[in-house]
Protein chains: 2
Amino acid sequence: MSELAELRQDSESPKRQLVLDAATALFMAQGYGAVSMDAIARAAGVSKATLYAYFSSKDQLFATIIGEACRQNIVVSNFLPGDETDVRASLTALAGQTLRFLLEERPLAIQRVVISESVRFPELGRAFHDNGPGVFRRVFGEWLTAETMAGRLAVPDPAIAADQFIGLLRSGLYLRATLGLTPPPTEAEIDATVAATVDIFLKAYGPSGSHATA
Amino acid sequence: MSELAELRQDSESPKRQLVLDAATALFMAQGYGAVSMDAIARAAGVSKATLYAYFSSKDQLFATIIGEACRQNIVVSNFLPGDETDVRASLTALAGQTLRFLLEERPLAIQRVVISESVRFPELGRAFHDNGPGVFRRVFGEWLTAETMAGRLAVPDPAIAADQFIGLLRSGLYLRATLGLTPPPTEAEIDATVAATVDIFLKAYGPSGSHATA
DNA sequence: GTCTATAGAAGGATAGAC
DNA sequence: GTCTATCCTTCTATAGAC
């Protein structure tokens, strides 16, 4: 029991968490430059001195928050089709799950912030990629390899195919959402994008003769 | 002769152009928040008072510059394959031209700035989309329709197919470039992405039996 | 029209009381 | 540990000389 306390981070201070929560919300919504330390302290309900007791600078606070957000920004961790043999159903489930995740406000905000600040904070671009698209490419690529060996797919280069799958999902709807264009995508549009992605993917990488349509 | 002068914009002041050039470079490189009016005036070699004589505020200067940059950010304007009948060659040329354009520093910078400031300046997201991906989808979609009617392609929904083409080009390499990851893409990598894009596109939308490989 | 100089506000960071 | 109050810098924007 007492070991549990030892396993905790040394950052269990409640005020520290208040600062982190407030700063996260503000940075995600407005980006680095538009948020002041005054605004963070006010939103957290603490003084600026307390804020600086936990974080030595605005830069460090920002990098801590966005880096941690990137590390938690995993999309495919629970994609384990296991004994599923219906490839189209598996791909459709994965595409739907992935695109809906990408279109959530938080992942959209993380991507916006990382892209805009990747010049000033290069490590954020790396963290975002390695924990997001990089993980997807690895996990999905391994699955594509297994499916190819099982004869259910014919994927010559799993890394390229995984990148293409991501690219197909990130076209159209997602690009418009990234640019903040209204109105937000409807469920029907999301399903249509998912279906179109699975269609083109299976036409290209399905076993010969599996050129089924929606 | 004298009509020429009348045709000119009322913005032919050389100092105004100096300000525009300097501000464009700075905003592209560092974004809105990190650039001060002092820095712009210094880089342009004019005083701040002169700067404010031409642009009433930092917001207006920024919106003017980025909006104009979006309007000039056209990618497919000179894509006119004309009497070309080799679809694979046409698609390869278009894909290579488009991806190389997207990977240039200026389009990358425009996209970064627009994405990061689309919350504060919603009209920029719209201008970027309508002059960039929107134009591509329309022009390329019309071409796909013509090729389909000519029997050289079989594209059921040109708008979706055009979005997918863009998405395929924007996967992998381009995503990493957007995040500022080093090293920059090599010519070989660009060619490989182009080839992979054309391959999957033709497998899905080529006329039956044209499943050629690279 | 253009400059120098500066006003007025806001930002990041800190000293010192409690 | 936390707060109030403040320092110093930098920012946007402008007044006034030439």
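So you know, we letter chains A, B, ... as the sequences are listed, proteins then strands, and number each from 1.
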- Query: With distance as the sole criterion, is a donor-acceptor pair present between the side chains of A:Thr148 and A:Thr145 under 3.5 Å?
  - Reply: no

- Message: What I want to find out is whether B:Glu142 reaches B:Arg137 closely enough, with some N-O distance under 4.0 Å, to be called a salt bridge.
- Response: no

- Item | Summary of protein contacts for nucleotides 2-18 of chain D, nucleotide by nucleotide, where a base hit scores B, a sugar-phosphate-only hit scores S (4.0 Å, heavy atoms) | SBB------SBBBB---

- Query: Would you call A:Arg100 and A:Asp191 a salt bridge, taking side-chain N to carboxylate O under 4.0 Å as the test?
  - Reply: yes

- Lys/Arg N to Asp/Glu carboxylate O, A:Arg71 vs A:Glu68, below 4.0 Å: yes

- Find out whether the Lys NZ or Arg CZ of A:Lys58 is both under 6.0 angstrom from the six-membered ring centre of A:Tyr32 and within 45° of the ring's axis. yes

- Give a yes or no on whether a salt bridge exists between B:Asp199 and B:Arg88, defined as a side-chain N under 4.0 angstrom from a carboxylate O. yes

- Note on the structure: Rounded to whole Å, CG of A:Leu51 lies from C1' of D:dG1 at a distance of 14 Å

- Can you see which heavy atom on B:Val194 is nearest to which on B:Ala95, and at what distance? CG1-CB, 3.7 Å

- Message: So that I can tick it off, tell me whether B:Asp163 and A:Arg170 are bridged by a salt bridge, with the cut-off set at under 4.0 angstrom between side-chain N and carboxylate O.
- Response: no

- Divergence of helical axes at both termini of the helix from C:dG1-D:dC18 to C:dC18-D:dG1 - five pairs an end, 10° steps: 10°

